[in-house]
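Structure record follows, encoded as C-alpha cells.
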Amino acid sequence: QKDPHYKDDRDTMVHLFEWKFDDIADECERFLGPMGYGGVQVSPINENLIMRNRPWYERYQPLSFKINTRSGNESSFASMVKRCNAVDVRIYVDIVVNHMSGDANPAVGTGGSTANTSSRSYPAVPFSFADFHQPVCSISNYNNATEVRNCELSGLHDLDQSKEYVRSKIVEFINRIIDLGVAGIRVDAAKHMWPQDLKVIYSRLNNLSVAHGFPAKSRLFIYQEVIDLGGEAIKKGEYTSLGRVIEFTFGIVLGNFFRGNEQLKFLKNWGNGWGLLPSEDALVMIDNHDNQRGHGAGGATILTYKLPKQYKMATAFELAHPYGTTRVMSSFNFTDPSIGPPADKNGSILSPEIDPKTGTCKNGWICEHRWHQIQQMVVFRLVAKNDPINNWWDNDGDQIAFSRGSNAFIALNNDDEDLKQSLVTGLPAGKYCDVITGQVKNNKCTGKTVEVGKNGVAFVDIPASAEDGVLAIHIGRQS
Ligand code: AAO
C-alpha cells in the first residue's frame, strides 16, 4: 500500500488542483505521458455541496458518493482514468470520507442531490443521524486525540467509521474507483479518523484492476493526510503501518531554507533524522492546495508560485533528493484565498489554455508542472533512479552541489555571492546541457553547456543574480 505503482521507472505525481477530467486526460496524452510524470492527483470526485461564490473548498463538503462534481461525471472520470493509464500516467483520487458537509440550508449538491444537514440526513448515500459521531462536538483541543477524531472539524458532520454500515459505504465507493482503474488515494483528514477503523476499511478493498493493466494482487497506493509538526496528541507514526503519510514538515522546513533563513549547507544530511518520517513512509511536497493559501498548517515559511525563484529552487531540491515520494503542485492564480478555479459566469470550470510558443498556461491557471525548470527536474529524478547522493559539496554557506550516483548532478546557489567553482560531478566525461537554463534542440544546447573532464570535474558557474539559482545536468542530455 506504499507503492505508487508508477509505470516502469517513472516518478513524481502532480496535483492538477480543480482540473476537469477531460482536461486531465488531454494533459496526460499531450504532456504528462511524454514528459515522464508518474501520475496525477485529482481533486475530490464525489458530489459536493454547492456553496455561494463557488469557493474551491466546497469540494471538501460531500453530499453523496456519486461521481459528479464541477470536474465531471462518472463517465468522464472513467474515460480519463483509461486515457491516462494508456499513456502510463496513474490516477490518484483525493478521498473525503471523514465527514459529509457542514450545515447549509438549502443543501444542494453538484449532482442534484439534496440533504437535510442539521438532521444529518443525506438520502443520496443514504446516511442518517446514527451514522455520525455523537454527541456532536467540535474540535478545539488538538491535545485530545478522542476529540480530534470524534468531534467535527470546522463544523463538518463527522462520520463514525466504527459503524459497519458507514464502513461498507466507504468501501463500496473506493472499490468502485479501483475497478475503474485508479492506482491510489489521498485520504483527506486521516488524522481525524481512528487508525483501527481505517485499517478495517483498507483491508476490505479490492486489488487493483488487472483489466486496467495492474499486475495481479497489486494493492491500492494509500497516502494519508496527517498533519503532525510535533506537539499534538496524534502522531504520524500511528498511520505508517497502513500506508504512506504526507510529511508536512518537509515543505515547511525547505521553505524556510530557500527563503534564506537557514544556510543550505545544513541540508547535507536532509531526510531521516530531521524529525521526518522514514523515506519509504513519506509523500512530500513544497506546498499543497491548503498551505499555499494559509489553510491547514505551514504558515509563513511555505513557498508557492508567487515567489518563483525560491519556489523553483526548493522544488529542484525536492526532486533532486532521493527522500520520499514526490508530488508537484499545479495551481490556479488567486489573491482571495477562498476563490475557486477559473470559471465562466455559470460556474463551469474553464479549461486551461496553453500558449503554443512557451508551453505554459494562460487564463488563470499557473501550471507549475509545465514550468521548464520543474518539468526538467522531474526528468532528472527519473534519470537519478535510486542512486544515492554522492560528491556532496558546499561552500560552508548557501551554495551546495551533489550528484546522484553517476547519473545526475545538481548545484544550487542561494548566496549573495556568485558560485564559480570546479566541482566533482560524478558524471562520465562529456559536454552536458544544463537542463535548467536550456534544452537540447537539434543537437545543440540552448542554455549553458557544462564540460565534464575525464576526472569527472566540471567548472560550475551560477551567478547570484541568475534567474533560477540552479544548474542541473544528467546523462541522456549531452550536447
Ligand atoms: C469551510 C470553512 C469553515 C467552515 C466549514 C464548514 O472554511 O469556516 O466551518 O467550511 O462549513 C477545506 C478548507 C476548510 C473548509 C473545508 C470544507 O481548508 O477551510 O471549511 O474544506 O469546505 C486541519 C485538518 C486537515 C485539514 C486542514 C484544513 O487536520 O485535515 O485543517 N485539511 C484537509 C483538506 C482541506 C479541507 C479538509 C481537510 C476538510 O486538505 O482542504 O478543508 O475536508 C493544526 C492541526 C491541523 C489542522 C490545522 C488547521 O495545525 O495540526 O491538523 O489541519 O491546525 O486547523 C501550527 C501548528 C499546526 C497547526 C497550525 C494551524 O503550524 O504547528 O499543527 O499551526 O493552527
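Remember, it's 1-based here, ligands and their atoms both numbered in the order they're listed.
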Using the ring-ring contact (aromatic ring centres under 6.0 Å, His included) rule, take Tyr60 and His289 through it: C-alpha gap first, then chi angles, then the decisive distance, then the call. CA-CA 12 Å; Tyr60 291 88; His289 69 283; 5.3 Å; yes
Look at atom 8 (O) of ligand 1 and say whether a protein heavy atom is found at less than 4.0 angstrom from it. no
Give me the nearest non-hydrogen protein atom to atom 4 (C) of ligand 1 as residue plus atom name, then the distance to 0.1 Å. Ser154 O, 3.6 Å
For atom 47 (C) of ligand 1, grab the closest protein heavy atom and report residue, atom and distance to one decimal in Å. Tyr142 OH, 3.5 Å
Return the residue, atom name and 0.1 Å-rounded distance of the protein heavy atom closest to atom 24 (C) of ligand 1. His192 NE2, 3.2 Å
Between Trp19 and Phe332, is the ring centre distance below 6.0 Å? no
Nearest-contact summary for atom 26 (C) of ligand 1 - protein heavy atom, Å: Glu225 OE2, 3.6 Å
So is Arg59 touching ligand 1 or not, going by heavy atoms under 4.0 Å? no
Test side chain to side chain contact (heavy atoms under 4.5 Å, CB included), reference Arg327, set Thr12, Val284, Ile246, output is Ile246
Could you work out, for atom 27 (C) of ligand 1, the closest of Ala190, Ala300, Gly296 by heavy-atom distance? Gly296
Is a side-chain donor-acceptor pair under 3.5 Å present for Ser162 with Asp197? no
Rounded to the nearest 0.5 Å, what separation is found between the OG atom of Ser209 and the CG atom of Leu220? 12.0 Å
Leu307 side, atom CG; Asp287 side, atom CG - distance, nearest 0.5 Å: 11.5 Å
What do you think, any protein heavy atom under 4.0 angstrom from atom 66 (O) of ligand 1? no
Per salt bridge (charged side-chain N to carboxylate O under 4.0 Å, His left out), Lys265 is matched among Asp415, Asp396, Asp394 by Asp396
Can you tell me which residue and heavy atom of the protein come closest to atom 64 (O) of ligand 1, and the distance to 0.1 Å? Glu232 OE2, 3.1 Å
Return yes when Met51 approaches ligand 1 closer than 4.0 angstrom through a heavy atom, no otherwise. no
If you look at every heavy atom in Asn98 and Ala189, which pair is closest and at what distance? CB-CB, 4.0 Å
Within the 6.0 Å centroid threshold, strictly below: Phe132 and Tyr122: yes
Specify side chain, backbone, both or neither for Asp228, according to which of its non-hydrogen atoms lie closer than 4.0 Å to ligand 1. neither
Judged by modelled atom types alone, do Glu262 and Asn256 share a side-chain donor-acceptor pair under 3.5 Å? no
Just let me know how Arg186 lines up against ligand 1, side chain, backbone, both or neither, with a heavy-atom cut-off below 4.0 Å. side chain
What is the nearest protein non-hydrogen atom to atom 2 (C) of ligand 1, stated with its residue, atom name and distance? Tyr57 CE1, 4.1 Å
What protein heavy atom lies closest to atom 63 (O) of ligand 1? Include the residue and the distance to one decimal. Leu229 CD1, 3.2 Å
Min over Ile227, Asp103, Thr301 of heavy-atom distance to atom 53 (O) of ligand 1 lands on Ile227
Can you name the atoms of ligand 1, numbered from 1 with element, that are less than 4.0 Å from a heavy atom of Lys191? 45 (C), 46 (C), 51 (O), 52 (O)
Asp188 versus ligand 1: do any nitrogen or oxygen atoms come within less than 3.5 Å of each other? yes
Within-cut-off N or O pair, Trp56 and ligand 1, under 3.5 Å: no
Using 0.5 Å steps for rounding, measure from the CG atom of Asn46 to the CZ atom of Phe65. 6.0 Å
Please identify which of these residues, Gln41, Gln1, Lys2, meets the side chain to side chain contact (heavy atoms under 4.5 Å, CB included) condition with Tyr223. Gln41
Relative to the heavy atoms of His99, which atoms of ligand 1 are at a distance of less than 4.0 Å? 39 (C), 43 (O)
